[in-house]
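Source: prediction; values computed, not measured. Every chain is numbered from 1 and lettered A, B, ... according to where its sequence line falls, protein lines coming before strand lines.
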Amino acid sequence: MQSHTVPYLKQLESESIHIMREVVAEFKNPVMLYSVGKDSSVMVRLAQKAFHPGRFPFPLMHVDTGYKFDEMYGFRDEFVKSIGARLIVHRNEEWIAKNTHPLSTGIDKCCSYLKTQALLEGIRSNGFDAAFGGARRDEEKSRAKERIFSLRDAFGQWDPKNQRPELWNLYNTRINEDQTVRVFPLSNWTEQDVWQYIKLENIPIVPIYYARTRKVIERNGIIIPLDNVPVAMGTDDENALKDLDIQEMSCRFRSLGCIPCTGAIPSEAKNIDDIIAEVAAARKSERENRVIDLTSDSSMEQKKKEGYF
Amino acid sequence: MEKSLLRLTTSGSVDDGKSTLIGRLLFETKCVYEDQLAAVHKASQKKGLAETDLALLLDGLAAEREQGITIDVAYRYFETPKRKFIIADCPGHEQYTRNMVTGASTAQLALILIDARNGVLTQSKRHGFLVSLLQIPHLVVAVNKMDLMDYREDVYNDIVAEYSAFSEKLDIHDITYIPVSALKGDNVVDKSPNMTWYQGFPLLKYLESVHVAADHNLVDFRFPVQYVIRPHLDFRGYAGRVSSGTVRVGEEIAVLPSGKTSRVRGVTTFDGELDEAFVTQSVVLSLEDEIDISRGDMIVRKNNLPEVGNRVEAIICWMSEEASSESTAYILKHTTKNTKAFISKINYKIDVNTLHREQAGNLTLNEIARVEIRTAQPLFFDAYDSNRATGSFILIDPHTNLTVAGGMIRSASRDLESVTAASLDQHIARKSSTNVTWQSLSTARRKREDRQGHRAAVLWLTGYSGSGKSTIAKALEKRLFDMGCSTMLLDGDNVRHGLCGDLGFSDRDRTENIRRVGEVAKLFFENGALAICTFISPFREDRDFVRGIMEPGRFFEVFVKCDLEVCKRRDPRGLYKKAAAGEIKQFTGIDSPYEEPVHPELTVETDLESADQIVESIIGALREKGILGG
């Protein structure tokens, strides 16, 4: 007799596919936020699965700050082309032109202008009513409380105290005028699940997830690579690195963000199996190197209340 | 062996050690990171606590950390080599009943903590009741803080005896009791040396080994269609997630509501074609025959049908600050179907602490009640206790769009059971046989019908203002009256003065207007009359609602069709002119839509035919359907 037990990754997959199809069936104009990271890669694969043998009927949108790693831009363009998806790149050109940078503008403000505002503007100008995001509940404590369908007001703001009950797998997709929804199909996935799935499905990822020797400096306890010095330091001044203790170490990125605010972790992991073993043994969480989460105890909740995804 | 998944829910307050227990499970399975612990240390110090408060680890919102309370469901993840666990961690106080129901809705197992010092409290009973209500297959009662009771077996036994006696009143199939000390770690991961009298598994071992595969319904194949995938002309597939049961390629299936049958041609996935699709899988089914199927339809086995009906008995949990109302047409979401629904009756509400039944006029936040729901379109459902996926629904307030209730279907409403069964028979019969019998005719009406020589029916004339509904209705009534028929004319303007004088023209009020008229028409119908109703009734769902409360075959939707421009030119009461000038808001055809009938019994075109011709064609149709004699 055939077994009807479904392995857990396949259950998570099936749940995510169900969520994506609900969105496409019930919203007018959905979009998938594509950050080029591993979670986005998994999310795109799930979208391909959900609408196979057709194509997924929504565009990808990359909210770009201009501060991403070169490998990310290269990978993004190549990947999107290879799967035949439509990509929208949205940038807050106004604040980029003003040289907004975490070191000069301040971390929270920089995030607010280049990420949150750009995201909201991208959603608004394209008239999207639902945006898929690759956030997971195991990432951060306020995300653990967020619904899969997260209602946002006209300003993209999350109201944690007024969340709609989310029962069974019956998602309330109705919104009032000006409201939008962020949908998190990977809510129930963990970092470990994502890596296991990338391995199982042989999903392409940005090479900077793998360890190699990099020149780095340490800033506030975070290891900042010097792949792109002007962006990392926020200045073209060649003397910016003077007096700094530059080291070389084998390291990799555990989660990807902007160059100035994403720390690397010391690592020798050169392939997926190494990464899976490293994640399983990790004593620190995935976002420990994300400067933006560390500005206060409630920084992520605060950002979400302001419209961050 | 493949790793499996277990979803569990925990509820309780900080005092009974729930946070400590979850904290320990996460910690022992190495699912708490150092930097997360460090953040908790920092927060504890900031609050001036002497020790690190692990509960802070679990509270995600700033308000929760500040006030030291849990407001909402939080989801936690941990895993062992055997299983991945998803915990829906719920606050336990009565004011959070809705959050508990939310967390319980997806759980396969519930974990209730009882403080060994306090014994069985009201809260533990309330949680047990919710476990039973939501039909969570497994319940673990962890008797905690055994260390403070010197690990005494008699203390544990007394609690087990008391809770067992209580749970016999409930519908819980599998209860396991485990004596633990979350703080000291007894029987959490390893077997406790302090309670050698306990023969069972420690908690984590039990969670790893409890058999959950059998909890799914593998018998009744139900496939609500989510989305139609049509990449090219040669492929038409129906995307969905199997709610229950299994289906194999080549098997005969039926599609609801059309009742059409076909065979499964393929089970398509990105990873290749499958021979079989089974419960929880997201797949794409294709069929051998071209059948018109859309979202909200359900594919089932021909010989294993769900119930079909517009009326269901359900238990609902009210989740909104705003009380329930019997006159609001809520949006009911059931499987992949959305339809309008009224809470037509509250049978009783249930006191969650005493389980006593009480009368209620409406429902307020966190109240649980047995109600009767009436829907515009028929639902294809099973009782919740045999099928969670096809027995559950949510109600959405059409004005605020908030989710206001979660519901579990008990059964079809008794008084209409025969009718709904017959209506399905009729759907299926259209394709196959015609041996449909009506058993639910009220005797009084049948006698009246026999005496008067014609059958009762409702003729529903719908169309734009100025399309000629009233003209036709008056002529038709006169003609029927002359034939000796019992008639009643219900006209939009007339009811607006009296019966519906309190209603305006918002979508919600229009819906209520039609609901009332539908009920009145049904009364005249029961009295044997041919009730002629003339209402713009622009919304399909509203008209379907009236159809739903009528007996099949006795409701005639007559689409009075007329070009909108012609209606505007006729403008018998100058309403279009006023609407165009902005004096009347939400006027159908101007700034409010008209949804044309999809399958009306009759379509008449007043810009092409005369009123007399139309009356004759309606009479002809009534003869043909056996409403009027020869």
Pick one of side chain, backbone, both or neither for [X], based on which atoms fall under 4.5 Å of a heavy atom in chain A.
X: B/I86; result: side chain
X: B/K333; result: both
X: B/S320; result: neither
X: B/H232; result: neither
X: B/I396; result: side chain
X: B/R83; result: neither

Open item on the list: Taking 4.5 Å as the heavy-atom cut-off, does anything in residues 191-199 of chain A contact chain B, and if so which residues?
Closed with: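 The residues closer than 4.5 Å to chain B, in numerical order, are A/E191, A/Q192, A/D193.
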Are [X] and [Y] close enough for a salt bridge, meaning some N to O gap below 4.0 Å?
X: A/R252; Y: A/E278; value: yes
X: B/R98; Y: B/E321; value: yes
X: A/K49; Y: A/E201; value: yes

For chain A, which candidate among [options] shows the most heavy-atom pairs at distances under 4.5 Å?
options: B/G407, B/G103, B/A107; answer: B/G407
options: B/T106, B/I229, B/T335; answer: B/I229
options: B/L6, B/V101, B/V212, B/I331; answer: B/I331
options: B/D271, B/V228, B/T268, B/V404; answer: B/D271

Task: Choice from A/E166, A/K10, A/E26, A/E13 maximising heavy atom contacts with chain B below 4.5 Å - done: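 The answer is A/E26.
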TODO: Find the one option among A/A282, A/A281, A/P165 whose heavy-atom pairs under 4.5 Å with chain B are most numerous.
DONE: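 Heavy-atom pair counts peak at A/P165.
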Open item on the list: Taking the ring of A/F51 and the ring of A/F56, is the distance between their centroids below 6.0 Å?
Closed with: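 No - the distance between ring centres of A/F56 and A/F51 does not fall below the 6.0 Å cut-off.
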TODO: Classify the ring geometry between B/F270 and A/H52 as parallel (under 30°), tilted (30 to 60°) or perpendicular (over 60°).
DONE: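 Correct class here is perpendicular.
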Task: Parallel, tilted or perpendicular: rings of A/F132 and A/F58 (30°, 60°) - done: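 Because their plane-to-plane angle lies in the 30° to 60° range, the rings of A/F58 and A/F132 count as tilted.
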Report yes if some heavy atom in the side chain of [X] is under 4.5 Å from a heavy atom in the side chain of [Y]; otherwise report no.
X: B/F221; Y: B/T246; value: no
X: B/T9; Y: B/I136; value: yes
X: B/R241; Y: B/T280; value: yes
X: B/I87; Y: B/I22; value: yes
X: B/N217; Y: B/V279; value: no

Open item on the list: I'd like to check the ring pair (Phe, Tyr, Trp, His ring centres under 6.0 Å) partners of B/Y75; sequence neighbours left out, ordered by chain and number.
Closed with: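 B/Y75: no ring pair (Phe, Tyr, Trp, His ring centres under 6.0 Å) contacts found.
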Heavy-atom proximity to chain B below 4.5 Å, by part of [X]:
X: A/I175; value: backbone
X: A/S187; value: backbone
X: A/R45; value: side chain
X: A/A50; value: backbone

Open item on the list: Using every non-hydrogen atom in the two residues, find where B/F393 and A/L170 come nearest and quote the distance to one decimal.
Closed with: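 The pair with the smallest heavy-atom distance is CA-CD1, 3.5 Å.
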- [ ] Apply the side chain to side chain contact (heavy atoms under 4.5 Å, CB included) test between A/M32 and each candidate in A/V23, A/V183, A/L46, A/L60; give the one that qualifies.
- [x]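 One option only clears the test, and that one is A/L60.
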